[in-house]
Trainee: 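Could you have a look at this structure, given as structure tokens, before my questions?
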Amino acid sequence: MTDATANTPADPKPKPKTSLLAADARTNARNAAEKRFQYFGLAAIAAGAFFLVVLVFAILSNGLPAFKQAVVKMDFTLTQAQFDEAESATLKTKVYTGYFISALEQKLQAEGVTAQFDAKAIDRILGKVGGQMRGFYRENPDKIGQEISFELPAASRVDRYLKGGFTRADLTSDNRFFHQSDFDLVDALKDAGIVRSAFNWTFITGVDTGVDNAGGAGIGASVLGSFLMMLVVLCLALPIGVAASIYLEEFAPKNRFTDFIEVNISNLAAVPSIVFGILGLAVFIQFMHLPQSAPLVGGLVLTLMTLPTIIISTRASLKSVPPSIRDAALGVGASKMQSVFHHVLPLAAPGILTGTIIGLAQALGETAPLLLIGMVGFIARYPDSFLGGFEGPNSAMPAQIYNWASRSDVVFTEKAWGGIIILLAFLLTMNIIAIILRRRFERRW
Amino acid sequence: MYDIPNTNRDAAVESNEVKFKCTDCQVYYGDTHAIKDVSCDLRDRTVTAFIGPSGCGKSTFLRCLNRMNDTIDVARVQGSFLLDGEDIYDKKVDPVQLRAKVGMVFQKPNPFPKSIYDNVAYGPRIHGLAKNKAELDDIVEKALRRGAIWNEVKDRLDAPGTGLSGGQQQRLCIARAVATEPEVLLMDEPCSALDPIATSQVEELIDELRENFSVVIVTHSMQQAARVSQKTAFFHLGNLVEFGDTNQIFTNPQDSRTESYITGRIG
């Protein structure tokens, strides 16, 4: 019995009797606030989901056509006599075009389709058929006399006509690229199954092209450029980052100097990436004279950018290893280093890997620093060798997308959207790998 | 007061040889004076219990004995700790070598997240105690037998040590500690996370370990101290209040604070 309760005078007004069945004003207000908060939360999620859906829809509807291409499919047999005749002619490709046209006429007759066309129209619709055929037969003379199924890319206007991006109304007058009558011809060829849509492998494996062959542009070389950069980042950022975090977390004395370093690392993670681009330009290219536009330099810049992310996530996962494991190792006479490398590091590994993959994914999508070190060039061919690829000029996926998006030809805009799909596919894959690793090596104590 | 068993049941094993001679020991955590002027002699092949209320410094003192306080940045240790006449805080002493001689078992069972075999084999491996696999197997079996857990785990040495029950985990930790053939075994509240059955198993084990090791145990349970130890030290507010035979401490304490503590009036 304490003094406080002993001396309290009796309450002058007895507390009014309340019922549990009727909510009082205070409870009502509290419940209303709770409901309101829930609705705010739902609204926020709905807004986020809405924008995500719009984004995904926009990307897919604009980008998926880039994976399709109008092709001309023709079965064609060239005899030795025809080959000799064509090669001895003055205008060789014109002869090949003539062969192709006669084969096309036969085919159309067999299908029962009537269409009016001349060699010029075929050139406009099918592109350089003669040149491509000649190139094929000169490289594969053993194929002469056999039936070959040709699948040649159609002209970019035909491609866009089939995809719906180019209509009769868009063509105000006949020009050297297209005539009104060509629309009927394309329709006829389409009915005959000669012009059709096929999966565009060139987009995935190909290299960048100029305006004269916009439809043939591919992202392959940039994917290789990005891959080489990621290799550089992985080989540098992972060991340096992990070593730095282990030292800071396990060995470094806690004093002002290490505090200062810690603050700086946290700040570096928030530095805009273009600053790293300037740094790369000044140090790696202007001071160290490394080649411009090279994945090696891009990788070095992205390494600097990724290091803080890796260090922060590595330290967090080292911290999450319970101290009892360190004590246990020290208790049986392990040295500090043995306890870290035998016990702490293996337990922190999944966290470190996850952080590294997230860091890599971030670096993969980074564009700004690449602009400054010149990795936005026009890359029309693959590097000659694997090692040469590191120092030869190349582009990267986001830089290539940026490059395409800024060109005037609408075909490149479509390619830019398609490139975004490929970039997102890579990012999604990396994130899924990170999640699987985390699940798989979940803490086992 | 307490049901005190006959602590002299193995009087023949008991030794008068001093293993650890500690004189004027001081420990500071930053500005806090955690251990004040503690002097005591710990005997070989004897179980010594440290008792006292929370925060009295008994665990801190225990951790001085294998220099585990070195891992705490703000801790400073003064005074002399002689293990077989050698100062363990001498500059020439490598704490790693010391900890191989003075093993430790912690409050919470902390097996490595590895197999049972690897848990026990880890110490011998890093100290190079076995020349080949067969020798290592022998060491592991011997340690597990000493830890009184061999019969329960001999068929699943490859199973993870973390999959055992709490009591089994603690006995595994004891087996891991004895596998490196230490001379002194420090136990920091080894039974506080265990149920009574597991506790009694560990206590029996401590009694057996006394044949080969000098055992120092920190405990919050006075019954446990009375059951397993031959010597008892009572700590209070960083001071070693009383140190003597367990029988005498529990039946005829010399200091009024000891009496208050064991009768439940303080702590």
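So you know, we letter chains A, B, ... as the sequences are listed, proteins then strands, and number each from 1. Everything quoted here is computed from the prediction, not taken from an experiment.
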Trainee: With the threshold set at 4.0 Å, does a side-chain nitrogen-carboxylate oxygen contact exist between A:E262 and A:R256?
Mentor: no
Trainee: Highest number of heavy-atom pairs under 4.5 Å with chain B: which of A:G331, A:P253, A:A328?
Mentor: A:A328
Trainee: Counting only non-hydrogen atoms closer than 4.5 Å, does B:K114 touch chain A with its backbone (N, CA, C, O), its side chain (CB onward), both, or neither?
Mentor: side chain
Trainee: Pull out the residues in residues 79-96 of chain B that come under 4.5 Å of chain A, heavy atom to heavy atom, sorted by number.
Mentor: B:V96
Trainee: With no hydrogens and no angle check, is any side-chain donor or acceptor of B:T46 less than 3.5 Å from a backbone partner on B:T48?
Mentor: no
Trainee: Taking A:D259 first and then A:K254, would you say they form a salt bridge - that is, a charged N and a carboxylate O separated by under 4.0 Å?
Mentor: no
Trainee: Does NZ belonging to B:K21 count more than 12 external heavy atoms closer than 6.0 Å?
Mentor: no
Trainee: Enter the distance from B:L129:CG to B:L136:CG here, rounded to the nearest 0.5 Å.
Mentor: 9.0 Å
Trainee: Do A:H343 and B:Y122 have ring centroids that are under 6.0 Å from one another?
Mentor: yes
Trainee: Identify whether the distance between the nearest side-chain nitrogen and carboxylate oxygen of B:R45 and B:E211 falls below 4.0 Å.
Mentor: no
Trainee: For the residue pair A:F251 and A:Y247, does the interplanar ring angle fall in the parallel (under 30°), tilted (30 to 60°) or perpendicular (over 60°) class?
Mentor: parallel
Trainee: Do A:F426 and A:V223 touch side chain to side chain, with heavy atoms closer than 4.5 Å?
Mentor: yes
Trainee: Can B:E189 and B:K108 be counted as an ion pair, charged N to O under 4.0 angstrom?
Mentor: no
Trainee: Strictly less than 4.5 Å between heavy atoms, which residues of residues 60-76 of chain B line up against chain A? Please order them by number.
Mentor: B:R63, B:M68, B:T71, B:D73
